[in-house]
Amino acid sequence: MPIKKSFSKLSHLTLGLFVFLIIISIKIYALPVPPSMDAKSWVLMDYDSGQVLISKNPDERRAPASLTKLMTEYVVASQIKSGAIGMNDLVKISKHAWLGGGAKTDGSTSFLKVNSEVSLKNLLHGMIIQSGNDAAIALAEHVSGSEKAFTHLMNFYAKKLGMKNTCYSDASGYPVENHYSSAKDIAILSRALIHDFPQEYAISSVKEFKWNGIKQRNRNALLWKDSRIDGIKTGHTSAAGYCLDASELRGHSRLIAIVLGASTNKERANDAMNLLEYGFRYFKTYKLYDTSKPIVTSRLWEGKKNRLQIGVSKKVFVTIEAGKYSDIKTSLNLPASLIAPYKKGAKIGTLKITLNGKTLKTVPLVAMSDAQRGSFFSRKYDSILLWFHKH
């Protein structure tokens, strides 16, 4: 009997230990461990929410190499949209563009000839697909008259987009003094490019471009590895190392991966791919609020109506680890009393979204319609009620 009891206790202990190990292994497996990479800095950003999911040295100022051309593209696209220039414009290739990025230079080129005329459309394709430095300089001169003047526009848009660690001193990314950006800033720019100028962005998914008898191959190797990857840009100089800006769309979710300062072309491609795979595996994007539905309806004083619907002016997305949706908390910060009038879209308060005590984002709350003042008598009546309400 004692032997059987001992065996029974041992069996229970063994079973308990086995279950415990299973639980621990599941927890360990569920923890998202970021991929190990030797690149100097990198960022993985969700497109919908704009959240940085994981990063290394995201704000470190580094030479951006040809990722500079993303801003050149953004400025050119904005000028096209405004009507200042057009895709069919013929652009004369200056000596400066040829000397700074032509066939006899060290960097990537579109093989443009001095004093020739090339359509803006072909220049844009050559700059985005082949990363032609001469094409970038020619586009800058066409927009602003000179490359130097064009950089003022580049820095204007950088500031407007909230790129706090970026300064441009040329249009191509050729290494010069006071020319830098960061992984996070490049992700911000990439997100804006995709959203604001989808037609121009689509050029970055073209694998080959043939012009003037020369076939130009896209330098983004990931385009051949996964059809869901549709951009964005590569870059390399001795100062910058190997850089890659990649974006992938899976279903309705898009991620943007920035890798700066990798050691080789192969390493930057592998790093970007690993970041994207990691993001799609461990994170999920949720739409919390739409612009068509109010978040709260509050008492309105001294207005024609006594209720005001309050919501958001833009759809609100958050990206979090998969399985953590139920842990999201929201809180509203609104004035104690809302007194008419209000214009539609007027900021009234803020919505704070948190996860496990960490603020994910703070969103402005706005009036969803005009709220006009009531008549003289209704306002006086409401002011009396409001006095009693406060006291």
Side-chain angles (χ1 to χ4, degrees), residues 64-81 84-94 96-103 105-114 116-144 146-147 149-151 153-154 157 168-176 179 181 186 189-190 192-194 196-212 214-220 223 230-237 240 243-247:
S66 283
L67 298 191
T68 298
K69 296 183 178 81
L70 292 169
M71 180 55 84
T72 301
E73 179 184 355
Y74 190 90
V75 175
V76 170
S78 69
Q79 294 298 300
I80 293 172
K81 187 175 182 179
I85 58 175
M87 281 288 196
N88 295 323
D89 289 1
L90 289 178
V91 180
K92 189 171 183 179
I93 308 306
S94 71
H96 172 64
W98 180 75
L99 287 173
T105 61
D106 230 0
S108 51
T109 180
S110 290
F111 305 98
L112 306 176
K113 295 180 180 180
V114 181
S116 65
E117 289 188 331
V118 182
S119 73
L120 188 146
K121 180 179 179 180
N122 283 331
L123 288 177
L124 201 57
H125 279 69
M127 180 186 73
I128 296 169
I129 298 168
Q130 174 60 16
S131 196
N133 291 331
D134 46 359
I137 297 169
L139 287 167
E141 291 177 334
H142 184 66
V143 171
S144 299
S146 72
E147 186 179 11
F150 184 79
T151 61
L153 271 179
M154 297 173 77
Y157 280 108
Y168 295 109
S169 294
D170 64 36
S172 66
Y174 189 82
V176 292
H179 186 87
S181 190
I186 294 169
L189 171 58
S190 302
L193 179 64
I194 296 168
D196 297 345
F197 307 111
Q199 287 185 319
E200 285 76 14
Y201 171 73
I203 298 172
S204 66
S205 66
V206 178
K207 294 180 179 179
E208 292 180 340
F209 172 60
K210 190 173 183 179
W211 178 79
N212 201 23
I214 302 172
K215 184 180 287 186
Q216 302 182 28
R217 183 181 171 93
N218 198 313
R219 298 182 176 218
N220 184 0
L223 295 177
D230 55 11
I232 306 177
K233 190 77 188 68
T234 63
H236 171 255
T237 64
C243 307
L244 178 57
D245 179 358
S247 182

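Computed over heavy atoms, backbone and side chain alike; hydrogens, waters and symmetry mates excluded.
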Worksheet item: Does the side-chain contact (heavy atoms from CB on, under 4.5 Å) test come out yes or no for E141 and V91, once each step is laid out?
Response: CA-CA 9 Å; E141 291 177 334; V91 180; over 6 Å; no
Item to complete: Check each of V118, L123, L112 against D134 using the side chain to side chain contact (heavy atoms under 4.5 Å, CB included) test, and report the only one that passes.
Response: L112
Practice prompt. From the options L67, D245, I128, select the one residue that forms a side chain to side chain contact (heavy atoms under 4.5 Å, CB included) with I232.
Written response: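 One option only clears the test, and that one is D245.
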What distance separates [X] [atom1] from [Y] [atom2], expressed to the nearest 0.5 Å?
X: I129; Y: E208; atom1: CD1; atom2: CD; value: 9.5 Å
X: S119; Y: D89; atom1: OG; atom2: CG; value: 9.0 Å
X: K210; Y: R217; atom1: NZ; atom2: CZ; value: 15.0 Å
X: W98; Y: T109; atom1: CH2; atom2: OG1; value: 10.5 Å
X: T68; Y: H179; atom1: OG1; atom2: NE2; value: 3.0 Å
X: L70; Y: Y201; atom1: CG; atom2: OH; value: 10.0 Å

Whether [X] side chain and [Y] backbone form a donor-acceptor pair below 3.5 Å:
X: N218; Y: N220; value: yes
X: S144; Y: S146; value: no
X: S204; Y: D230; value: yes
X: E147; Y: A171; value: yes

Worksheet item: Are there more than 12 heavy atoms of other residues, nucleotides or ligands under 6.0 Å from atom OH of Y174?
Response: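 No, the 6.0 Å shell around OH holds no more than 12 heavy atoms from other groups.
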Worksheet entry | Other residues, nucleotides, ligands: >12 heavy atoms within 6.0 Å of E117 CD | yes
Practice prompt. State, with a plain yes or no, whether a side-chain heavy atom of I214 is found less than 4.5 Å away from one of Q130.
Written response: no
Discussion item. What I'd like to find out is whether the side chain of M154 reaches to under 4.5 Å of the side chain of T72, using heavy atoms alone.
Written reply: yes
Discussion item. Please find the pair of heavy atoms, one from G126 and one from F209, that lie closest to each other, and give the distance.
Written reply: N-CE2, 3.9 Å
Practice prompt. Go through the side-chain N and O atoms of K233 and S131 and say whether any donor and acceptor fall under 3.5 Å apart.
Written response: yes
Worksheet item: For residues N133 and K69, is any side-chain donor paired with an opposing acceptor at under 3.5 Å?
Response: yes
Worksheet item: Hey, mind stepping through S169 and T151 against side-chain contact (heavy atoms from CB on, under 4.5 Å) and telling me if it holds?
Response: CA-CA 6 Å; S169 294; T151 61; 5.5 Å; no
